[in-house]
Engineer: 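The structure that follows is given in the form of structure tokens.
Proteins get letters first, then strands, A, B, ... in listed order; numbering begins at 1 in each. Predicted, not measured: the structure shown is a model, and the values here were computed from it.
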There are 2 protein chains.
Amino acid sequence: MDWKNTMTRLGYRISEPRKKIMEVLEGAEVALSPQQIHQQLEHKGFDIGLVSVYRTLDLLTSLELVTVVYDPERNPGYVLSSTGHHHHIICQKCHKAMEFSGTDDIEELIHRVEAETSFQVRDHLLQLFGICPECLNTLNDRGDK
Amino acid sequence: MDWKNTMTRLGYRISEPRKKIMEVLEGAEVALSPQQIHQQLEHKGFDIGLVSVYRTLDLLTSLELVTVVYDPERNPGYVLSSTGHHHHIICQKCHKAMEFSGTDDIEELIHRVEAETSFQVRDHLLQLFGICPECLNTLNDRGDK
DNA sequence: TTCCTTATTGAAAAAGTTTATCAATAAGCA
DNA sequence: TGCTTATTGATAAACTTTTTCAATAAGGAA
Ligand SMILES: [Zn+2]
Ligand SMILES: [Zn+2]
Ligand SMILES: [Zn+2]
Ligand SMILES: [Zn+2]
């Protein structure tokens with residue numbers, strides 16, 4: 001299901017700002033902050049208010065069409081989310097965000113923690129951090145560690 | 001190893017503000033934002049600048065003496081980290097943060113993702129969200145879902 | 001203990017991020 | 001094509017975080 005269908009089905013309008021913002025997200029392989037998205041829009045010549053970027057991201061996030069990614073060294077970033085259970089791995093060098101499927105990833109752990117803590121687990125946040133293949137090459141070429 | 005030893009060993013001083021801030025963190029079972037910590041200090045009659053709270057938290061975090069916890073509905077919070085590999089489970093109702101040990105939690109997953117993505121995994125962020133035992137009781141008493 | 005060096009603090013301001021308000025605009029339907 | 005109303009942009013306010021720098025105090029040396 002395409003994002004336009006999802007939004008239409010739920011009674012939201014497909015406005016120009018929303019289209020442009022989605023285009024930016026679709027073209028990004030790095031998680032982008034509201035400011036970064038706003039800047040990219042400016043570069044492309046679209047005069048869309050930063051406030052609308054915030055509002056659109058909030059909406060898209062609540063509809064689970066985009067996902068928030070936490071990167072300790074940056075502001076929270078937004079990436080397109082595909083359907084299903086997914087998480088992200090983020091490059092600590094170039095901050096590229098890549099998705100991986102999350103099926104059954106931590107079932108056992110969740111059961112163990114429920115038993116240990118008596119919490120009822122309802123959701124989880126899982127992200128991996130590391131070095132992407134491209135950055136690994138750069139590091140190797142330079143002989144860095 | 002006690003936090004004072006760690007800091008002394010690394011050449012940092014054990015100042016009053018740092019002691020007070022650690023006391024607040026030691027007494028907290030909820031992840032606290034810089035502002036919340038500052039308010040608790042005020043209540044206790046300690047006149048410590050908010051700026052020092054920020055600085056101290058940054059330092060403690062960099063030394064891995066405290067851990068940042070992400071809660072989608074709140075500002076990032078800080079909790080004391082004990083030694084070893086740990087993660088946190090956060091109550092979506094009262095925001096209590098509880099630690100659980102993370103040994104071997106996602107070894108397999110990491111290997112799978114490394115194979116799939118060619119990333120070299122170096123770190124991970126894992127948090128569980130749910131309802132704590134106390135809040136579960138409250139919900140049951142009230143007959144809420 | 002007292003003195004000295006310098007890491008650390010507090011105050012104030014600046015910078016940056018996010019939310020609120022409301023009239024003007026435009027999306028989508030009839 | 002016109003109507004209804006969700007959405008936008010502009011502005012301002014609120015809130016969070018960082019910077020700067022002189023004054024203070026932690027902790028080692030005497
Ligand atoms: Zn990279
Ligand atoms: Zn998962
Ligand atoms: Zn609770
Ligand atoms: Zn772990």
Engineer: Which residues pass the ring pair (Phe, Tyr, Trp, His ring centres under 6.0 Å) test with His43(A), sequence neighbours left out?
Structural biologist: none
Engineer: To the nearest Å, how far apart are Gln35(B) CD and dT18(C) P?
Structural biologist: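 For the pair Gln35(B) CD and dT18(C) P, the rounded distance is 13 Å.
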Engineer: dT18(C) C1' sits how many Å from Leu57(A) CG, rounded?
Structural biologist: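 For the pair Leu57(A) CG and dT18(C) C1', the rounded distance is 12 Å.
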Engineer: Below 3.5 Å between N/O atoms, which protein atoms pair up with nucleotides 28-30 of chain C? Just atom names and distances, please.
Structural biologist:
{"from": "dG28(C)", "atom 1": "OP1", "to": "Ile14(A)", "atom 2": "N", "distance (Å)": "2.5"}

Engineer: Calculate the interatomic distance between Tyr78(A) atom OH and dT17(C) atom P; express it in whole Å.
Structural biologist: 12 Å
Engineer: Which heavy-atom pair separates Val79(A) from Ala97(A) by the least distance, and what is that distance?
Structural biologist: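 Scanning both residues completely, I find the closest heavy atoms to be CG1-CB, 4.1 Å.
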Engineer: Is Ser81(B) close to His86(B) at the side-chain level, that is, under 4.5 Å between some pair of heavy atoms?
Structural biologist: no
Engineer: Any side-chain heavy-atom pair from Met7(A) and Leu65(A) closer than 4.5 angstrom?
Structural biologist: yes
Engineer: Ignoring hydrogens, what is the shortest heavy-atom contact between Tyr70(A) and Tyr70(B)? Give both atom names and the distance.
Structural biologist: CD2-CD2, 3.2 Å
Engineer: Of the non-hydrogen atoms in Ser52(B) and Ile21(B), which two are nearest, and what is the gap between them?
Structural biologist: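 Looking at all heavy atoms of both residues, the shortest contact is O-CD1, 4.0 Å.
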Engineer: Return the angle between end axes of the helix from dT1(C)-dA30(D) to dA30(C)-dT1(D), with five pairs used per end and rounding to 10°.
Structural biologist: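 Result, rounded to 10 degrees: 40°.
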Engineer: To the nearest Å, how far apart are His38(A) NE2 and dG16(C) P?
Structural biologist: 15 Å
Engineer: Would you list the pairs meeting salt bridge (Lys or Arg N to Asp or Glu O under 4.0 Å) in which at least one residue belongs to residues 41-66 of chain B, sequence neighbours left out?
Structural biologist: none
Engineer: When you match Glu16(B) and Leu59(A) each to their closest nucleotide on DNA chain D, which lands nearer the 5' end?
Structural biologist: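 Closer to the 5' end of DNA chain D: Leu59(A).
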Engineer: Here's a test for you: under side-chain hydrogen bond (donor to acceptor under 3.5 Å, both in side chains), which of Gln92(A), His88(A), His95(A), Gln127(A) qualifies with Asp71(A)?
Structural biologist: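 That would be His95(A).
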Engineer: How close do Leu126(B) and His87(B) get, counting heavy atoms only, and between which atoms?
Structural biologist: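 Taking Leu126(B) first and His87(B) second, the nearest heavy atoms are O-ND1, 3.2 Å.
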Engineer: What's the CD1-P distance between Ile37(A) and dT18(C), to the nearest Å?
Structural biologist: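 Rounded to whole Å, this separation is 11 Å.
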Engineer: Rounded to the nearest Å, what distance is computed from the OH atom of residue Tyr54(B) to the C1' atom of nucleotide dT17(C)?
Structural biologist: 11 Å
Engineer: Quick one: list whatever passes side-chain hydrogen bond (donor to acceptor under 3.5 Å, both in side chains) with Glu114(A), sequence neighbours left out.
Structural biologist: none
Engineer: At 4.0 Å (heavy atoms only), tell me whether Arg18(A) reaches a base, stays on the sugar-phosphate, or touches nothing.
Structural biologist: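 Sugar-phosphate, no base atom in range.
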Engineer: Of all nucleotides in DNA chain D that come within under 4.0 Å of a heavy atom of chain B, which is furthest toward the 5' end and which toward the 3' end?
Structural biologist: dT16(D) to dG27(D)
Engineer: Measure from NZ on Lys20(B) to P on dT9(C) and round the result to the nearest Å.
Structural biologist: 13 Å
Engineer: What is the distance from CG of Asp58(A) to P of dT17(C), rounded to the nearest Å?
Structural biologist: 16 Å
Engineer: Report yes if some heavy atom in the side chain of Ile90(B) is under 4.5 Å from a heavy atom in the side chain of Leu128(B); otherwise report no.
Structural biologist: no
